[in-house]
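Inspection log for the structure reproduced underneath, given as structure tokens.
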Amino acid sequence: MVEALARHSMVKASASGWTAVMSRYPELASEPIVAGWAHAGRPLIVRRPACSDTAGMIPLGLPLPPSHGKRRIAISLAAADIVASAPPPLLAEAAATAPAAWRETIDQLLQLLPETRTFGSLAWQHLTGLPYLSNSSDLDLLWPLSAARRGDTLPSDIARIAQRAPMRLDGEIVGPAGGVQWRELTGTDEDEVLVKGPTGVTSTTRAAFLAGHVS
């Protein structure tokens with residue numbers, strides 16, 4: 001189960017698992033919306049493990065909305081306490097939640113790659129109904145390299161859209177070994193890029209990553 005869950009996967013905890021989380025992290029009781037998080041059917045997001053995480057547990061994150069301090073809470077769960085998992089939502093599914101000023105850019109992004117997914121403020125507002133989006137929000141995206149018609153031109157295509165976007169476009173192009181921040185991939189083929197995988201960070205060249213030669 002641990003290996004099967006990619007970074008940015010959205011998971012839901014069992015009631016008993018969430019009770020265990022609240023027992024392990026008693027300081028969370030001071031956050032009014034956290035105690036009932038799992039009972040409300042709200043998801044958690046899979047993150048990379050930290051040194052302080054317990055081995056064998058699944059590292060997860062819970063970003064609170066700005067109205068609750070925008071705090072990023074790091075927790076972990078046993079695999080048995082996860083009752084559902086899914087990739088982050090497709091941008092097309094979350095688009096209706098976006099501000100009107102974003103719609104033209106989102107349309108261009110979907111024309112470029114309909115399989116684009118989102119994992120930041122837009123995704124959290126779409127999935128929870130809580131107010132995550134603000135005037136300063138980024139649009140956080142995941143572009144699957146396997147779905148791109150031309151992987152080598154994908155970074156420049158994103159850059160072209162980003163130049164005219166009313167918000168900052170952030171996120172990663174995702175290949176077999178993990179994700180690379182898309183701006184890193186706008187350099188030359190020999191440039192070294194950092195690949196964020198499920199358990200850590202490795203490096204390769206831009207050309208090797210975009211060719212899918214890193215696994």
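We count residues from 1, following the sequence as given.
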Neighbour count >12 (heavy atoms, 6.0 Å) for atom CZ, Arg103:
yes
Would you find more than 12 non-hydrogen atoms of other residues, nucleotides or ligands less than 6.0 Å from Glu115 atom CD?
yes
Co-membership, hydrophobic cluster, residues Leu133 and Leu90, 4.5 Å side-chain
no
Arg206/Asp189 salt bridge by N-O under 4.0 Å criterion
yes
Looking at side-chain heavy atoms only, is the closest gap between [X] and [Y] below 4.5 Å?
X: Thr205; Y: Asp191; answer: no
X: Leu127; Y: Tyr132; answer: no
X: Ser76; Y: Arg24; answer: yes
X: Asp170; Y: Leu139; answer: no

State the [atom1]-[atom2] distance between [X] and [Y], to the nearest 0.5 angstrom.
X: Leu28; Y: Ile75; atom1: CG; atom2: CD1; result: 7.5 Å
X: Leu141; Y: Leu109; atom1: CG; atom2: CG; result: 6.0 Å
X: His8; Y: Arg48; atom1: NE2; atom2: CZ; result: 8.5 Å
X: Trp182; Y: Ser156; atom1: CH2; atom2: OG; result: 9.5 Å
X: Ile158; Y: Leu113; atom1: CD1; atom2: CG; result: 8.0 Å
X: Thr105; Y: Arg164; atom1: OG1; atom2: CZ; result: 10.5 Å

Closest heavy-atom pair and its distance - Arg47, Leu60
NE-O, 2.7 Å
Where is the tightest heavy-atom contact between Glu31 and His68, given as atom of each residue plus distance?
OE1-O, 4.1 Å
So Trp124 and Trp37, would you call those rings parallel, tilted or perpendicular, with 30° and 60° as cut-offs?
tilted
